[in-house]
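Everything on this sheet refers to the single structure shown next.
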Amino acid sequence: MVNLPISASFFDSYSIQPTQTSSLLRQHSHSVKDNQMNTKKLFILVLASVVLAAVAVSGTVFADVVGIPVLLSPAHGSTTGDTTPDFTWQVASGADSYTFELKKVSDNSVVAKNTYDAAARCDASTCTIPSPLTLDPDAYKWHVVAYNGAIMGTWSTYSTFTVADFSLDTPILRSPGANAIVYGGRPTFKWYPVENATRYNVQMMNGSGTVLDTWNTTGTDCAPYWCFRIPYDLASNYGDYQWRVQALDGAALSDWSVTRTFTYTQLARTWLISPSDGYSTQDGSPLVEWGDITGATMYLVQVRRASTDALIIQHLVSDADFCDGSTCGWEIDPGLADDSYIWHVRAKNGRNFGRWTAYRDLIIEPADYFYGFGSETSDWIDPDNTWSVINGIYTGTHGTCDYSCATTYLNLVFTDGMMNTFMRTSGAQPGTGFSLYYRAQFDGSGNLVQAYTVDVVSFAQNTITFRFWKYSPTLGWQTIPGEDEVTIAGNISAYNIYSINVNGSTMSMRFTAQGATSSVAVGTVTNLDPAYSSGLFAVDVISYEDTSHIVEVDWVQVYDADYSSASAALPQFMPAAGQVNTLTAVTGKEAALPASMELFLPGE
C-alpha cells in the first residue's frame with residue numbers, strides 16, 4: 001500500500017507495485033458528490049487513473065520512494081581480526097526497514113541475510129547492526145537494501161573485507177630508527193623476525209601518511225634482523241617518509257607495527273684537499289684527496305682537458321676502499337699525458353648525489369729523465385776506451401788528436417734537454433780544458449757530421465773562458481758569430497757545475513762555482529741550425545801535448561729531456577780513422593778496472 005500525501009504535486013513521483021493499484025482505486029473512487037471532494041482530492045483520483053494506465057502498459061511503475069544505503073564499515077578492502085564486527089551504513093531516505101546480506105567471496109554463498117527495522121537500528125544519520133554470527137577467517141562481501149513498507153529500493157554496491165587470524169606477534173622495527181637521517185636512495189628497512197611468519201607486508205608512506213607502496217615479500221635474512229630494500233631509487237625526492245611492517249602466515253596476520261618516520265636528505269658537498277689549485281707535477285697519476293662525507297658510499301671523480309673541456313676520466317671511487325672517515329685519496333688511473341687538466345669530485349649513494357666541488361687546475365709536465373754518467377748505466381759509450389776510474393772519479397787523458405781524444409757520449413737522441421757536469425781539469429799548458437757537446441750527430445759509419453760544443457778552457461790563472469763552436473762536414477769547426485768567447489772569474493782546477501740547456505733553437509750555458517748556491521749565465525746561442533734539431537750529449541777532453549793534462553769527471557747528468565731513440569750511428573773509434581766503435585768498454589766500468597764510480601746528484 002502506498003500513501004500519497006495530499007500535498008503531492010503533479011511532478012512528484014512514487015514507486016507503486018502493480019498489486020497496489022486496485023486498492024488505490026478503491027480508496028479514491030467515491031463520487032465527488034458523495035464525498036464532496038475538493039479540487040486536490042479530484043486531482044488524486046485523476047493521478048490514480050494515470051497510474052493504472054501506466055500499469056496497463058508496462059506492468060510496473062518505478063519511483064524513488066526510498067534511497068540507496070551507503071556502506072561505511074567494515075570499509076571496502078579492509079582487514080580485521082574481529083570475528084564479530086559491527087556493520088554500519090548511512091541512513092537511506094524514506095527507509096523504514098533494511099535487508100542486510102553477507103556472502104563469502106570465494107563461492108558467493110550466503111552467510112547471513114536478515115531484515116532490520118530502521119527505528120530500532122538507526123539514528124539520524126547511520127544504521128548499525130552486530131554481526132549475525134561469529135565469522136571464520138575468510139574474505140567476505142556485504143550489501144544492504146532499503147524498504148519503505150513493501151516498496152523495495154536498490155541494493156547498495158558490495159563492500160569486501162577480510163577476517164584474519166591475528167595470532168602472529170607484531171613486528172618490532174629496527175632501522176631506519178625514529179626520525180633517522182637516510183642518505184641512501186634505496187633505503188633498506190630492518191625489523192626483528194616474527195616467529196612462524198612466512199611473509200611480510202612492508203608499507204611506505206609519505207610524510208603526511210599517504211601510502212606510496214605496499215610490498216608483500218618474504219624479505220631477506222640479514223641476521224639477526226629481517227631486511228627489505230625498496231626496489232626503486234628515491235633519487236632527488238628528498239623529504240620525510242614513514243614505514244611499517246606486518247607479518248603473515250597464510251590467513252594469519254599480525255597487527256601493523258608502529259609507524260616510524262625518517263628523513264631522506266641530499267648528500268652534502270665534499271671539499272677538495274690536495275693537490276692545490278694550479279698544481280704542477282711530472283707524475284701522470286698524482287694522488288688527489290677530498291673530504292669524506294657522511295652517507296657517501298661512492299665518489300665520482302671527473303678529470304677534463306682544460307683547453308677543450310673534453311671528459312678524460314670519470315671514475316667511481318669506493319668510500320670503503322679509499323676513505324678513512326675524514327679523508328679520501330685516489331691516484332688517478334689511467335695516468336694522464338702531459339697537458340693541463342681540471343678536476344672535481346661529488347659524493348654518491350645510489351642516485352643521491354651531492355653537489356660538485358669547484359674545479360681545480362692540474363698540470364702534468366714532461367717527466368724528468370735522468371741519465372747519470374756512472375756505473376749504474378750503460379747508455380754512455382767510450383769509443384776511444386780512454387776513460388778510467390781513479391778513486392771513484394772518471395779520468396780522461398789527452399791523446400794525439402785535437403778532438404775526440406777522450407770522449408764519452410750518451411747514446412740517446414735528444415730534441416731538448418739539459419746536461420749538468422761536475423768536473424775539473426788540470427795541466428800546465430794554457431788552454432787546457434774540455435768540451436761539452438750537444439746535438440752531436442754521426443753518419444752511418446760513425447763519422448761526426450754535425451755538432452755544437454762549448455769549450456771550457458783556462459788561459460790565465462783564476463779565469464775560465466767559454467768558447468762556442470759548431471761543426472759541419474763541409475766547413476769543419478767554426479766559432480758561432482756573436483758568441484765567440486765569454487770569460488769569467490773561476491778556478492778550472494776546482495770541481496764546478498757546468499750546465500747546458502737546449503730548448504728549440506736556443507742553447508744557454510750556466511756556471512756554478514764550487515760551493516756556490518747560485519749559477520751564473522755565461523752565454524746563449526739563439527740561432528741553432530733547424531736542420532739539426534736533435535742529437536747526442538757528450539763530454540770530451542781537449543788534447544794538448546801535455547802529459548799532465550787530466551780531466552776528471554765526478555758525475556754527469558742529462559735530465560728533463562725529450563728523447564726519441566738510441567743513436568742509429570755510433571761515434572767513430574779514435575785514433576784509427578774510419579773504424580766503427582766496437583764498444584769494447586762502457587763508461588763506468590773499464591774492462592781492466594774493477595773499480596766503479598758512485599753516482600752523485602747535484603749538490604751532494
When every non-hydrogen atom of V202 is compared with those of W191, the smallest separation belongs to CG2-CH2, 3.7 Å
| task | Give a yes or no answer on whether the side chain of T308 reaches the backbone of A310 with a donor-acceptor pair at less than 3.5 Å. | result | yes
Between R467 and T479, is a side-chain contact (heavy atoms from CB on, under 4.5 Å) present by the stated rule, with each step listed? CA-CA 8 Å; R467 286 178 170 175; T479 59; over 6 Å; no
Between the CG atom in D529 and the CZ atom in R439, the distance rounded to the nearest 0.5 Å is 10.0 Å
Under a 3.5 Å threshold, yes or no: a donor from one side chain and an acceptor from the other, between T297 and D319? no
- Query: Tell me, do R424 and S493 make a side-chain contact under 4.5 Å, heavy atoms counted?
  - Reply: no
Q) Checking R360 side chain against L272 main chain: does a donor-acceptor pair fall under 3.5 Å? A) yes
Interatomic distance, OG1@T270 vs CH2@W356, rounded to 0.5 Å, equals 11.5 Å
Say whether, by atom type as modelled, one donor and one acceptor occur between the side chain of R269 and the main chain of G354 under 3.5 angstrom.
no
By ring-ring contact (aromatic ring centres under 6.0 Å, His included), Y359 pairs with (sequence neighbours left out) H344
Run the numbers on H315 and V317 for side-chain contact (heavy atoms from CB on, under 4.5 Å), then give the verdict. CA-CA 6 Å; H315 185 77; V317 176; 3.7 Å; yes
*asked:* Using the rule given for side-chain contact (heavy atoms from CB on, under 4.5 Å), can you reason through Q441 versus Y532, listing the C-alpha separation, both sets of side-chain angles and the distance that settles it, and then say yes or no?
replied: CA-CA 8 Å; Q441 296 185 8; Y532 300 100; 3.7 Å; yes
Tightest non-hydrogen contact, residues Y452 and Q450, listed as CE1-NE2, 3.1 Å
Correct closest heavy-atom pair for G184 and Y264 would be O-CE1, 3.4 Å
For residues 500-517, tabulate all N or O donor-acceptor pairs below 3.5 Å that involve a side-chain atom, not counting sequence neighbours.
residue : atom : partner : partner atom : Å
R510    : NE   : S519    : OG           : 2.7
R510    : NH2  : S519    : O            : 3.4
R510    : NH2  : S519    : OG           : 3.2

Go through it in stages, so that I can follow the logic: the residues are V551 and T425, the test is side-chain contact (heavy atoms from CB on, under 4.5 Å), and I'd like the CA-CA distance, side-chain angles, deciding distance and then a yes or no. CA-CA 4 Å; V551 176; T425 185; 3.5 Å; yes
- Query: Tell me, do M204 and F189 make a side-chain contact under 4.5 Å, heavy atoms counted?
  - Reply: yes
Nearest heavy-atom contact between L436 and F434 is CD2-CD1, 4.1 Å
Is it the case that more than 12 heavy atoms not belonging to Q314 sit under 6.0 Å from its CD atom?
yes
Exercise for review: Start with the C-alpha gap between D455 and S435, add the side-chain angles, then the distance that decides, and say whether side-chain hydrogen bond (donor to acceptor under 3.5 Å, both in side chains) holds.
Suggested key: CA-CA 4 Å; D455 286 359; S435 292; 2.5 Å; yes
Can you check whether W290 reaches W330 side chain to side chain, under 4.5 Å on heavy atoms? yes
| With a 3.5 Å cut-off and no angle check, do the side chains of S499 and N420 form a donor-acceptor pair? | yes
- Please answer whether the main-chain N or O of S236 pairs with a side-chain N or O of Q266 as donor and acceptor at a distance below 3.5 Å. no
Minimal heavy-atom distance between F459 and V457, with the atoms involved, is CE1-CG2, 3.3 Å
Q | Under 3.5 Å: donor-acceptor pair, side chain of N496, backbone of A494 | A | yes
Exercise. Verify whether one side chain among E365 and Q282 offers a donor that lies under 3.5 Å from an acceptor in the other.
Key: no
Any side-chain heavy atom of T188 sitting closer than 4.5 Å to one from S175?
no
Are any of the side-chain heavy atoms of L362 and I332 separated by less than 4.5 Å?
yes
- Query: Under a 4.5 Å cut-off applied to non-hydrogen side-chain atoms, are P187 and I230 in contact?
  - Reply: yes
- prompt: Are any of the side-chain heavy atoms of I364 and T281 separated by less than 4.5 Å?
  reply: yes
Measuring only between side-chain heavy atoms, which start at C-beta, is W343 closer than 4.5 Å to L336?
no
Separation between CH2 (W469) and CD1 (I480), nearest 0.5 Å, reads 10.0 Å
request  = State whether a side-chain donor-acceptor pair under 3.5 Å links E331 with S285.
outcome  = no
Output for pair (R304 CZ, I313 CD1), nearest 0.5 Å, gives 12.0 Å
Exercise for review: Decide if the gap between the ring center of F322 and the ring center of Y299 is smaller than 6.0 angstrom.
Suggested key: no
In this structure, SG of C328 is separated from CD1 of I273 (nearest 0.5 Å) by 8.0 Å
Enumerate, atom names and distances included, each donor-acceptor pair closer than 3.5 Å involving a side-chain atom of residues 345-352, sequence neighbours excluded.
residue : atom : partner : partner atom : Å
K348    : NZ   : G350    : O            : 2.8
N349    : ND2  : G295    : O            : 2.7
N352    : OD1  : Y238    : OH           : 3.1
N352    : OD1  : L267    : N            : 3.3
N352    : ND2  : Y183    : O            : 2.6
N352    : ND2  : T265    : O            : 3.0

Test ring pair (Phe, Tyr, Trp, His ring centres under 6.0 Å), reference F537, set Y409, Y437, F414, output is F414
Heavy-atom nearest pair, I492 first then S458, reads CG2-CB, 3.4 Å
In this structure, OG of S318 is separated from CE of M298 (nearest 0.5 Å) by 5.5 Å
